[in-house]
Amino acid sequence: MSEVLTKAAARNIFFGGTVFFFVVFLALVADSVGTVSKITDKHPITPSVAAGKRIWEKKACFDCHTLMGEGARYAPELKNVWQRFGGDTDAEGARANLKAWFAAQPSHDPARHQMPQFHFSDQELEQIIDFLKWNSEIDTQNWPPHIVG
Amino acid sequence: MKYESQKVAKLYFIGALTLFLAQVAFGLLGGLLYVAPTALPDFLPFNVVRMIHTNALVVWLLMGFFGATYYLIPEETESELHSVGLAKLQFWVFFIAALVAVVGYLFGNYDGRSYLEQPIYIKVGIVLVALMFLYNISMTVLKGRKTVISNILLLGLWGVAVFFLFAFYLPNNVVLDKMFWWWVVHLWVEGVWELVMASIMAFLMIKMTGVDREVVEKWLYVIVSLTLFTGILGTGHHYYWIGTPGYWQWIGSIFSALEVIPFFAMVLFTFSMVWKGGRDHPNKAAMLWSLGCSVMAFFGAGVWGFLHTLAPVNYYTHGTQITAAHGHLAFYGAYAMINLAMITYAMPLVLGREPYHQRLNMWSFWIITSGVVFMTFALTFAGVVQVHLQRVMGIMTYMEVQDQIGLFYWMRLGAGVFVVLGLVLYLLSMVPPGRAKSA
């Protein structure tokens with residue numbers, strides 16, 4: 001390698017190339033941020049959705065569940081949990097069933113992964129469900145492949 | 001070891017190893033919850049166990065990087081550290097912040113995103129620690145000899161601090177939130193951390209093989225070039241299914257597939273340096289960890305990353321146990337092992353001794369490494385079955401699939417016990433025999 005590449009050339013390639021690729025990356029990210037920011041035109045982030053997201057963060061839900069595939073893998077994917085609970089056809093039924101689900105935790109069934117009891121108020125439950133419903137409406141290139149998540 | 005201030009690294013190494021032990025202990029608890037979900041009391045749910053496991057990992061690796069930097073920067077710059085007192089203060093602020101965070105986690109005091117669960121005051125504390133560190137190191141580099149190793153290392157460490165700032169950006173839009181979460185996570189572990197790793201490896205190669213600095217530094221430039229040319233746009237492989245535009249599937253697939261190349265270059269680099277050097281360095285254990293690091297990083301970060309990085313594959317594997325398999329071997333191979341290599345190399349030197357307990361240390365190498373490899377295979381098989389049932393056929397729910405792969409989780413837990421055992425041997429091998437020789 002000593003003949004074909006001097007150290008000065010290697011240094012220039014490193015710094016030049018890094019700047020180049022970072023600029024390309026920034027341009028693409030800027031474009032995506034533009035597109036992604038428009039999601040809220042069709043799917044507005046209501047105060048309730050935003051509050052639901054804060055609960056998601058404060059209770060570290062992602063340390064068991066995945067959301068759009070990201071998070072821990074100890075519990076089901078939640079991007080499409082709204083659809084799994086039938087929210088698309090029966091929104092009120094889905095809300096009632098999700099609330100019942102929260103209320104029944106932890107199951108203490110030794111064969112099932114345990115979800116903590118968070119003692120959420122009804123308002124907080126509505127916020128979390130609004131947050132999950134908002135996520136279910138996002139176009140994720142048809143991911144996940146199946147309703148089971 | 002030529003400079004008195006290098007000794008401050010010892011504090012960091014001990015702190016790092018302490019947190020490593022905490023990391024694997026909570027790893028065992030997490031592994032236990034997969035096979036016996038009701039084994040732990042209600043106040044210790046899986047999410048808390050996992051955040052302690054992952055946070056302890058990140059903090060001990062960073063602490064190891066800090067220690068490695070404090071050890072190698074005086075030798076590279078040929079000058080004492082700017083301030084040993086500040087380095088000690090920085091250690092205690094960081095270590096106590098880590099303890100406060102962990103205790104807080106047990107009492108439900110967390111807020112943020114994965115790996116970044118620290119409450120806001122701990123995050124601010126981390127920034128203060130980073131500033132103390134960067135000030136100390138930058139001042140040392142500025143007054144001393146500038147080498148490629150110190151420059152790349154410094155660039156990497158500044159990058160670590162700059163990208164951490166995105167931990168404070170929490171937009172309401174989940175998609176935006178996820179995009180910039182990766183600016184911390186991906187641009188750390190598939191970007192600037194690799195610069196840190198490669199610089200430490202280059203330092204170890206110069207010291208242990210005796211190959212000319214010119215040759216090593218040219219290799220270092222080539223490796224870090226390959227890393228950032230592939231890794232920056234490789235971020236795209238996290239932008240496939242999170243609500244971002246479809247073009248990321250092309251960009252992410254192409255560039256992240258190439259991310260395997262810098263890791264292969266690292267294998268070529270370390271082995272050719274050792275052959276070329278032809279020297280028999282007395283610290284055989286450190287040499288074993290260094291070579292092992294490049295090989296396991298290639299398999300863990302490179303091969304296991306490539307396995308599921310192409311968008312048409314990732315469509316099915318995204319967020320399954322395949323990801324977990326890759327995560328474990330990549331972090332261990334690339335970042336745990338470079339730290340263990342550096343600690344193995346530097347510890348006898350800061351204590352003013354010949355290398356000691358080499359055999360025990362090398363046993364720990366083989367036990368920990370086999371344990372993590374076995375764990376990786378177990379999780380890979382679990383992932384393949386999960387992907388097939390849940391993602392390809394889509395015939396079983398999450399929990400039904402988990403019932404089908406319980407055997408692999410038992411194997412993973414068993415492998416975890418081996419890892420902990422190996423780490424205990426490593427810790428024992430670090431305790432020097434008898435009294436230190438009086439200088």
Side-chain angles (χ1 to χ4, degrees), chain A residues 1-2 5 7 10-11 13-14 17-18 21-22 24-25 28-29 31-33 35-37 39-40 45 49-50 53 57-58 60-64 66-77 106 108-114 116-117 134-135 138-141 143-149, chain B residues 33-34 36-38 42 45-48 50-51 110-114 117 148 170 172-176 178-179 214-215 217-219 221-222 224-225 228-229 232-233 235 239-246 248-249 251 315-316 318-321 323-324 390-392 394 396-399 402-403:
Chain A
M1 200 161 64
S2 50
L5 184 71
K7 198 163 90 178
R11 183 194 58 214
I13 291 170
F14 169 66
T18 300
F21 283 105
F22 200 72
V24 173
F25 179 62
L28 288 165
V29 167
D31 176 75
S32 294
V33 167
T35 312
V36 165
S37 302
I39 291 175
T40 52
I45 299 169
V49 170
K53 179 171 181 282
E57 288 154 4
K58 282 187 181 156
C61 307
F62 51 82
D63 265 317
C64 289
T66 49
L67 181 67
M68 302 181 188
E70 293 170 357
R73 294 145 290 261
Y74 191 69
E77 165 65 35
H108 291 124
D109 175 349
R112 296 188 67 87
H113 295 182
Q114 299 298 299
Q117 175 50 252
W134 186 88
N135 274 278
I138 301 307
D139 169 18
T140 49
Q141 317 281 338
W143 193 92
H146 296 282
I147 188 74
V148 290
Chain B
L33 283 178
Y34 264 96
T38 50
D42 283 352
F46 183 85
N47 61 343
V48 172
R50 182 194 185 246
M51 75 177 77
Y110 35 80
D111 188 7
R113 294 169 286 181
S114 198
E117 294 92 342
V148 178
L170 276 167
N172 285 333
N173 184 334
V174 169
V175 183
L176 274 184
K178 284 174 173 290
M179 280 183 74
E214 282 293 302
V215 179
E217 293 191 331
K218 214 182 293 178
W219 267 102
Y221 270 133
V222 170
V224 294
S225 298
L228 294 185
F229 297 177
I232 292 173
L233 286 174
T235 313
Y239 292 173
Y240 295 160
W241 329 113
I242 60 168
T244 31
W248 288 108
Q249 290 175 36
I251 294 161
Y315 182 67
Y316 297 101
H318 180 52
T320 63
Q321 295 298 327
T323 316
Q390 199 178 321
R391 294 290 178 70
V392 179
M396 283 190 189
T397 65
Y398 173 87
M399 207 53 232
Q402 296 299 305
D403 288 340

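Worth knowing before you read on, the calculation uses all heavy atoms, side chains too, and leaves out hydrogens, waters and symmetry mates. Residue numbers begin at 1 in each chain, while the letters A, B, ... track the order of the sequences.
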Report yes if some heavy atom in the side chain of B/M179 is under 4.5 Å from a heavy atom in the side chain of A/V29; otherwise report no. yes
What part of A/P106 gets within 4.5 angstrom of chain B, counting heavy atoms only: side chain, backbone, both, or neither? side chain
So what's closer than 4.5 Å to chain B heavy atoms on A/I147: side chain, backbone, both or neither? neither
Backbone of B/K218 reached by a side-chain donor or acceptor of A/R11 within 3.5 Å: no
Check the angle between the aromatic planes of A/H113 and B/Y34 and answer parallel, tilted or perpendicular using the 30° and 60° thresholds. perpendicular
Do A/R73 and B/R50 make a side-chain contact, defined as non-hydrogen atoms from C-beta onward lying under 4.5 Å apart? yes
With a 4.5 angstrom heavy-atom cut-off, which part of A/K53 approaches chain B: side chain, backbone, both or neither? side chain
Would you mind telling me which of B/T320, B/N173, B/T235, B/L170 has the largest number of heavy-atom pairs within less than 4.5 Å of chain A? B/N173
Taking the side chain as every heavy atom from C-beta outward, state whether A/D63 and B/V48 have any atom pair closer than 4.5 Å. no
Any donor-acceptor pair under 3.5 Å linking the side chain of B/N172 with the backbone of A/I45? no
Greatest number of non-hydrogen atom pairs under 4.5 angstrom with chain A, of B/P245, B/P45, B/A36, falls to B/P245
Ignoring hydrogens and angles, tell me if any N or O in the side chain of B/Q390 forms a donor-acceptor pair with the backbone of A/G149 under 3.5 Å. yes
Pairs of heavy atoms under 4.5 Å with chain A: top-ranked of B/L228, B/D42, B/I232: B/I232
Please classify the contact between B/Q249 and chain A as side chain, backbone, both or neither, with a heavy-atom cut-off of under 4.5 Å. side chain
Indicate the ring-plane relationship of A/F14 and B/Y221, choosing parallel, tilted or perpendicular according to the 30° and 60° boundaries. tilted
B/Y240 (side chain) donor-acceptor with A/T140 (main chain) under 3.5 angstrom: no
Would a 4.5 Å heavy-atom cut-off, applied to side chains only, mark B/V392 and A/P145 as touching? no
Is there a side-chain contact (heavy atoms from CB on, under 4.5 Å) between B/M396 and A/V148 once you walk through the steps? CA-CA 7 Å; B/M396 283 190 189; A/V148 290; over 6 Å; no
Between A/Q141 (side chain) and B/T244 (backbone), is there a donor-acceptor pair under 3.5 Å? yes
Evaluate the side-chain proximity of B/M51 to A/F62: yes if any heavy-atom separation is below 4.5 Å, no if none is. no
Winner by heavy-atom pair count (cut-off under 4.5 Å) against chain B, out of A/A75, A/A111, A/C61: A/A75
Distance in Å, B/K178 NZ paired with A/M68 CE, rounded so as to fall on 0.5 Å steps: 6.0 Å
Could you tell me which of A/K58, A/E70, A/H108 has the largest number of non-hydrogen atom pairs under 4.5 Å with chain B? A/E70
In this structure, CD of A/E57 is separated from CZ of B/R113 (nearest 0.5 Å) by 7.0 Å
Name the residue from B/V175, B/V174, B/L176 that meets the side chain to side chain contact (heavy atoms under 4.5 Å, CB included) definition with A/I39. B/V175
Residue from A/V36, A/I138, A/D109 scoring the most non-hydrogen pairs under 4.5 Å with chain B is A/V36
Is it the backbone or the side chain of A/P116 that comes under 4.5 Å from a heavy atom of chain B, or both, or neither? side chain
Could you check if a side-chain atom of B/I251 sits within less than 4.5 angstrom of a side-chain atom of A/F25, using non-hydrogen atoms only? no
If every non-hydrogen atom of B/L33 is compared with every non-hydrogen atom of A/Y74, which pair is closest and at what distance? O-OH, 2.7 Å
Selection from A/T66, A/D31, A/V49 maximising heavy-atom pairs under 4.5 Å formed with chain B: A/D31
One should read off an interatomic distance between A/K7 NZ and B/E214 CD, to the nearest 0.5 angstrom, of 4.0 Å
Below 4.5 Å from any heavy atom of chain B, which atoms of A/S32 appear? Answer side chain, backbone, both or neither. both
Among B/T397, B/T323, B/I242, which residue has the highest count of heavy-atom pairs closer than 4.5 Å to chain A? B/I242
Counting heavy-atom pairs under 4.5 Å with chain B, the top scorer among A/I13, A/N135, A/T18 is A/T18
